[in-house]
Amino acid sequence: MCSYLLDGSHEAVPGDKILQQFRHAIERASSEKGPLSIKVYTSGSFLDEDEVPTDTRNQILDLISEDERVSEVVLESRPQYVTEDSMGIIYDLLDGRHVEIGVGLESSSDAIRTLCINKGFETEDFAEAVTTAKAHKIGIRAYVLLKPPFLTERDALLDSVRTIEDAAKMGVTTISVNPVNVQKHTLVERLWTRGLYRPPWLWTLVEVLSQARAQVDSSVNIVCDPVAAGKKRGVHNCRRCDESITMAVRNFSLNQKTGVFDALDCDCRHLWSHTLEHEDFALLVHSIKR
Amino acid sequence: MSEFMIDRGHDGPARVGTFKAGESVVDTPALIGPMDASRLPLRYSTQGRDETPTYSPVIFSWPFTIEKDIQLPRPIDMLLLPSMIAGDFLGSEAAGRLLDYQIEALERTGEEITPSQMILRIPSSLDSVASEEDFRKLSQSGVRAAAFRFDGSLGPSDYNSLILRGSTPRNWLTLAIGRISPWMVPILYYVGFDVLDVGHAFEAAASGTRLWRMDSESVGESKQLRFCSCPACASLSGLKTESDDQLTGILSKHNLTVYEMLLSESIQAMNAGRLRWLVESMTHASPPMGGLLRRIDGELYAHLEEFTPTIGSKFIPLIGPESYNSPAVRRFRERVTARYTPPEHKRIVLLLPCSARKPYSDSKSHKQFSEALDASLGGLRFSVAETILTSPLGLVPRELERIHPAAQYDIPVTGDWDAEETDIAAKALVAHLRKFEDSAIVVAHVSGGYLDVVQSAEKEIDQSIIYTTPDHPVTSKDSLAALGDTLHDMKEILNIEGRKQTELRDTLRATSDYQFGQGSGAILIPAEAKLRGKLYHTVTCKVDGEQVCAFVSEAGTLSLTLDGGRRLAPLNHSWIKFEGHEIKGGSIFAVGVSEADTGIRPGDEVIILDPDGKVAAVGRSEMSGREMCELAKGRAVTLRHKRESGE
Ligand SMILES: [Zn+2]
Ligand SMILES: [Zn+2]
């Protein structure tokens, strides 16, 4: 399988330009053999008319439906654009394909989503979107954010586990866990440079995946493709064990077996478990200089 | 319901006490650590995330992500109110909101958890002035504990946490939490923390680090391990064969021991009146430690001084620059400047160097100076204001040479002064000489660093200065002869008349002014007072046949009688209002004090007034004036004399 990437930018892009970009991407993949999976990533919502004009959207969907190699499509949207109308059109145009709408739930706690992530919707809106999509045989892929700022390591761990459980109960089809990485010119970066943020530990990610897998129905896939894993700006442990654990995480995403985590061990586990307990008490960010 | 009681004992804001929660009693200062640190008296844990041990109290943190259903498992536990990690990033205004959020949370919990079981988290970016009002309000609603966070960098955030501790009500239990290194223990205890978080012992152990008193050692990298006699390290010899789990276990036990040793050392130092010395010696752990103490001495002076006793241990070592502005030293300098008034008959100011032996009069050099005074002036020597230059006290008038800390301080006597010492003494000298007539003559019998002091002050001195022997040691035969000659000449020039022995009166009045404020000496020891005794032992003072006070050489201070208290009462100084008319026993407890002079310091001679304003007793204070009013328990005054019933 192979993914196409339509990179969103922050300025509004005219519809024809978006279409042009999409054609470009398709052309580049013209030599690939099927089955293919298409993920359309935009900075906001693919289903938001203000962002992607309805005509453009439908033309893109047409292009996809014409391509016989495509078996799986993931489109991104905020929950409020997952409506009867939009789901109906997608169902009509992409009939027969496995379609998922990727929605950034991030956290099922309204408090955390508002205070730490600054997203303007409620968990209820998300639940409604899941129901709406389901009615049109369209799945929802929930993005779960591991360790937004202003949470302790254990706050983050527990919140992600709970979010995955909640999302599964609401009926999502796939859960994608995204550990926060420190991107340039962001609030997280400002915190991080002052020692007030540390990206999640890989141990935390492993714990989230294992606990969630044990709780959630096996029909729901839990996947994670961590960005900058093992780097100081990404999810990381002590450097020595980063590679083997990242590999285990990728294996888990493919086979959904938590057994891949069983053999993992490293000296740094002690420091991680100290961090879990002590950060809650002291509310002091525990980061070690690397 | 929990309760914190402070016992006797003072050396700065540090205190010992007992913290009662439910049926458990914890002696403070105490260490708090994780759940598996079973040897510690207090443990930390998180609501709904950890198991509760079967014994010993636990402080539960309340994650802000849990909005309701907060319960404390047992009455012996405490609850740390919810806040946000890294919330201080958002600035002092946000810090205020984080505090408000906790207050709301506190109100939300309802009746099951009382405010006395809650611990406030003080954001380190909180504005210390604005917070005082919050603290007062919270005190009224029953909150009695606060936790302050330290990141261990000893930077601005840690500094601000210390400053905030200074404005916390005296009767609150205060916790220092976060990354606290062993060498921070004495200073945190000194500024008044009661519970110290030793989580760092485990953090260091998990990183393969052994902590020591003043530094740390990376065990993995160390070629030759430092010797340690602690039981945990006994099994460290075959280090390479230890498994990782075992090593972490050994290191955490060792690290914990280091904290326990330092805390115990701090308590003992406090009991011996040497805590300040310990704190000063720990500044050598790192430059930031030194910088921190210097900044605290400046910014927190009022807080530190208020609880620094005016009497104390036999020896006070003042070794380096970290002592120059210690509260006892700075207070002495400020009190001499503000309260000492030279008697009118002093026409000559004789500047002398200090001596290693205290009081100075007992030293060989000062005995020689005294002989020179006797030989040249005889009975007229009492026209001379003997003034001893010294570092870091600045100067000590002869009359005050037996008072704390002048009689106890001990410095490395090398004769070399650094710029700061010279400046301190020069400033003190200028202020001192302004109190004399311009026609007085300053005779400077000094050399070396002492001479530098006089010379650097010279421009601002209005009197004439005569240097007796600037180029020679002051105790050489020639120098002493030069001193005698100079004084003899002065007698002629100033035309000094015969005078009686005024040494006792001068000393007692100066001591009174120092203790009870300027002008009190003339009231307590009036012209008609009869003085008997020796300054190196005891001097009693009687007025109209009744004793009013006694000078006790050992303390260098005056102890009052009831009559003495009555004479001083109108001055509104060192007074304590007592609730009730009859005093039982030999003490007054804080609970019986309705109001007190906020200028009272531990160790002060105090006057106890009944509700009618009549003197009921006199005694020695055991705490500062504000503590007597704020604390519910504890001995406030040890009585010396009290009114007989019906008197
Ligand atoms: Zn590791
Ligand atoms: Zn040891």
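Naming: A, B, ... by sequence-line order, numbering from 1 per chain.
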ask   = Has A:R269 got its NZ or CZ under 6.0 Å from the middle of the six-membered ring of A:W203, at an angle within 45 degrees of the ring axis?
value = yes
note = Assert top hit (heavy-atom pairs under 4.5 Å, partner chain A, pool B:G33, B:S83, B:S153, B:P34) equals B:S83
ask   = What residue, out of B:R49, B:R149, B:R179, has the most heavy-atom pairs lying under 4.5 Å from chain A?
value = B:R49
key: No-hydrogen, no-angle side-chain donor-acceptor test under 3.5 Å, B:H200 and B:N255   = no
ask   = So which part of A:S109 gets closer than 4.5 Å to some heavy atom of chain B, the side chain, the backbone, both or neither?
value = neither
Qualifying residues under side chain to side chain donor-acceptor pair (under 3.5 Å), relative to B:S157, sequence neighbours excluded = B:S124
ask   = Do you know which of A:L151, A:T275, A:D159 has the most heavy-atom pairs under 4.5 Å to chain B?
value = A:L151
query = Distance under 6.0 Å and angle within 45° of the ring axis: does A:R113 meet both against A:F121?
reply = yes
Heavy-atom check, side chain of A:D280 versus side chain of B:W62, under 4.5 Å = no
Toward chain A, the part of B:T248 with a non-hydrogen atom under 4.5 Å = side chain
ask   = Does any donor atom in the side chain of B:S56 or B:R43 lie under 3.5 Å from an acceptor atom in the other side chain?
value = yes
Best-contacting candidate, A:L115, A:D267, A:L196, against chain B by heavy atom pairs under 4.5 angstrom = A:D267
query = Can A:Q211 and A:E207 be counted as having a side-chain donor-acceptor contact under 3.5 angstrom?
reply = yes
key: Sorted by number, residues from residues 87-106 of chain B in contact with chain A (heavy atoms, under 4.5 Å)   = B:G87, B:F89, B:L90
request  = Tell me, for B:F64 versus chain A, whether the close heavy atoms (under 4.5 Å) come from the side chain, the backbone, both or neither.
outcome  = side chain
Test salt bridge (Lys or Arg N to Asp or Glu O under 4.0 Å) applied to A:E277 and A:R154, step by step = CA-CA 8 Å; A:E277 287 179 18; A:R154 193 154 53 170; 5.6 Å; no
task = Measure from the ring center of B:F193 to the ring center of B:F150 and say whether it is less than 6.0 Å.
result = yes
key: Part of B:R121 lying under 4.5 Å from any heavy atom of chain A   = side chain
remark   = With chain A, the option among B:T65, B:L80, B:L175 that has the most non-hydrogen atom pairs under 4.5 Å is B:T65
A:H274 portion near chain B, given a 4.5 angstrom heavy-atom threshold = side chain
key: Donor-acceptor side-chain pairing of B:T174 and B:D194 below 3.5 angstrom   = yes
inquiry  = Heavy-atom count check: over 12 atoms from other residues, nucleotides or ligands less than 6.0 Å from B:K253 NZ?
reply    = no
